[in-house]
Amino acid sequence: MIRVLVVDDQDLVRVGLRTLIGSAEGMELVGEAADGLAAVARARELRPDVVLMDIRMPGVDGLEATRRIVGDPSLAATRVIVLTTFELDDYVFEALRIGASGFLLKDTRPAQLLAGIRDAVDGGALLSPSVTRTVVAEFVSRAPTTRTPHPLLHLLTQREREVVALVAEGLSNEEIAGTFVVSPATARTHVSRAMTKLGARDRAQLVVFAHQSGLA
């Protein structure tokens, strides 16, 4: 059972998500919050698998709430999915930098939103290949000319470095498998090992590490 916490300052949005998640097989809505401060408190209390986090809220916003949740060792297993009205903006980029597992548009179709929640729990990144490339390009344009490699980058094998670079380009495990002519299971193993070695929570954070280390 996937336990979900919904955070949004709009009553109608929370009601809609409550109804959707409550009727989904294998999911349970364990709580709600209307602002960032309450979101952090509820996350620590309920230990959900996934937090659906609105970014723009009064007081402590979703960005700061995400930072606190991701930075709390007791919530290491909790994934944060950013809910936004706009596909790409400064808030989304910053949320990904600090460890959000990805983002979904508020007008996402119900089936896609539920699939996104499941993907986040499985360690996937809620970023399409085109959006991933846009995110990386944005990181490149905003970052200083001198990059700081991840301190554990030396632990990666050459193949794992190549795999991480392809993840940063938005390739799926199946596409990576086709590139190296290996099975999807082997590609998945390479990705998993790279994530473990670099301490990446999910593929979204792996994309960030790849850029910061100059692999993308």
Side-chain angles (χ1 to χ4, degrees), residues 1-128 131 134-135 138 200-205 207-208:
M1 184 69 70
I2 299 175
R3 305 172 73 252
V4 183
L5 170 64
V6 169
V7 183
D8 199 294
D9 64 333
Q10 297 182 35
D11 293 341
L12 283 176
V13 173
R14 294 201 310 276
V15 169
L17 291 172
R18 180 194 309 153
T19 302
L20 176 63
I21 294 168
S23 63
E25 183 178 354
M27 289 189 194
E28 176 187 9
L29 181 70
V30 295
E32 301 177 22
D35 60 68
L37 195 61
V40 176
R42 295 291 278 165
R44 289 171 176 163
E45 172 193 355
L46 300 168
R47 306 295 175 85
D49 299 305
V50 173
V51 178
L52 293 180
M53 179 77 73
D54 183 28
I55 287 293
R56 295 174 177 82
M57 294 182 291
V60 174
D61 64 13
L63 202 58
E64 179 58 27
T66 296
R67 182 180 289 107
R68 295 182 188 182
I69 291 172
V70 171
D72 188 332
S74 70
L75 296 174
T78 297
R79 299 291 178 258
V80 177
I81 300 174
V82 172
L83 295 175
T84 179
T85 305
F86 305 100
E87 185 165 294
L88 291 171
D89 60 16
D90 289 342
Y91 289 97
V92 170
F93 289 122
E94 185 59 24
L96 294 175
R97 281 192 183 93
I98 62 180
S101 295
F103 69 91
L104 291 170
L105 299 180
K106 288 189 175 182
D107 61 358
T108 296
R109 288 183 297 178
Q112 290 180 320
L113 189 146
L114 295 175
I117 292 173
R118 295 188 177 96
D119 285 346
V121 172
D122 291 337
L126 307 183
L127 300 169
S128 68
V131 170
T134 303
V135 168
E138 187 68 16
R201 294 166 60 91
D202 45 46
R203 291 174 82 101
Q205 196 167 37
V207 170
V208 176

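Source: prediction; values computed, not measured.
- Considering only heavy atoms from C-beta on, Arg68 comes within 4.5 Å of Leu37 through its side chain.
- Under the 4.5 Å side-chain criterion, counting only non-hydrogen atoms from C-beta, Leu113 is in contact with Leu52.
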CA sep, side-chain torsions, deciding dist, call: Ile69, Val40, side chain to side chain contact (heavy atoms under 4.5 Å, CB included): CA-CA 6 Å; Ile69 291 172; Val40 176; 4.3 Å; yes
Side chain to side chain contact (heavy atoms under 4.5 Å, CB included) between Asp54 and Val13, worked out: CA-CA 10 Å; Asp54 183 28; Val13 173; over 6 Å; no
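- No side-chain heavy atom of Arg42 sits less than 4.5 Å from a side-chain heavy atom of Val7.
- The closest side-chain heavy-atom distance from Leu104 to Leu83 is below 4.5 Å.
- Contact between Ile81 and Ala120 at its shortest, heavy atoms only, is CD1-CB, 3.8 Å.
- Considering only heavy atoms from C-beta on, Arg79 stays 4.5 Å or farther from Val121 through its side chain.
- You'll find the side chain of Val6 reaches within 4.5 Å of the side chain of Ile21, heavy atoms only.
- Closest heavy-atom contact between Met1 and Gly26: SD-C, 3.3 Å.
- Heavy-atom minimum distance, Pro48 versus Val30: CB-CG2, 4.2 Å.
- Legend: residues meeting side chain to side chain contact (heavy atoms under 4.5 Å, CB included) with Ile98, ordered by chain and number and at least two apart, are Leu63, Thr66, Arg67, Glu94.
- Sorted by first and then second residue, the side-chain hydrogen bond (donor to acceptor under 3.5 Å, both in side chains) pairs with a member in residues 24-40 read Arg14-Glu32, Arg18-Glu32; sequence neighbours excluded.
- Side-chain contact between Val50 and Met27: absent, with no pair of heavy atoms (C-beta onward) separated by less than 4.5 Å.
- The two residues Leu5 and Ala43 have their closest heavy-atom pair at CD2-N, 3.8 Å.
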